[in-house]
Amino acid sequence: MKKARLSVYLDPEMMTQLSQLADQKQQPKSLVAEAAITSFLTPDDADRREAAMARRLDRLTRQGERLERDLWIAAETLALFIRFWLTVRPKGVSASTRF
């Protein structure tokens, strides 16, 4: 596979670091630079964990909102039932004397 050419401008300090690392590893500077760029562009483990955590938090938020909605519906249903029950119940008759 033929590689594409890329020209970049580096600070002298960065170029010195690149040259020293290439000399240490006994590799060409282009290979060291390519490895650095690949490492920068590839999501690392921390990024994957952060993304997974964000998905879980989103899911928990949706579940909490759904539970809140369901609880509100249950409370409203109970309130409507009590209002209806108080409306149709004969006055002066307590619930304990009916049964």
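What you see is a predicted model; the values in this text were computed from it and never measured.
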In the hydrophobic cluster built from side-chain contacts under 4.5 Å, what are the other members alongside L18?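 Members other than L18 - counting any ILVMFWY side chain reachable under 4.5 Å - are L6, V8, L10, M14, M15, L21, V32.
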Using links of under 4.5 Å between side-chain heavy atoms of ILVMFWY residues, direct or through other members, which residues join L57 in one cluster?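 Reading the cluster by chain and number, L57 sits alongside M53.
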Around atom [atom1] of [X], are there more than 12 heavy atoms from other residues, nucleotides or ligands closer than 6.0 Å?
X	atom1	answer
E68	CD	no
Q63	CD	yes
Q17	CD	yes

Hey, is the main chain of E34 close enough, under 3.5 Å, to the side chain of T38 for a donor-acceptor pair?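 Between the backbone of E34 and the side chain of T38 there is a qualifying donor-acceptor contact (under 3.5 Å).
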Using the rule given for side-chain contact (heavy atoms from CB on, under 4.5 Å), can you reason through L80 versus R83, listing the C-alpha separation, both sets of side-chain angles and the distance that settles it, and then say yes or no? CA-CA 5 Å; L80 287 172; R83 185 181 307 157; 4.0 Å; yes
Quick one: are I73 and E76 in side-chain contact, heavy atoms under 4.5 Å?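 SC-SC contact between I73 and E76 ruled out.
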Point-to-point distance, once rounded to the nearest 0.5 Å, from OG1 of T42 to CZ of R48: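 Nearest 0.5 Å value for the OG1-CZ distance: 9.0 Å.
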Any chance you could measure L67, atom CG, to E65, atom CD, to the nearest 0.5 Å?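 Going from CG on L67 over to CD on E65, the span is 10.5 Å.
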Which heavy-atom pair separates A22 from P28 by the least distance, and what is that distance?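 Heavy atoms of A22 and P28 come nearest at CB-C, 4.2 Å.
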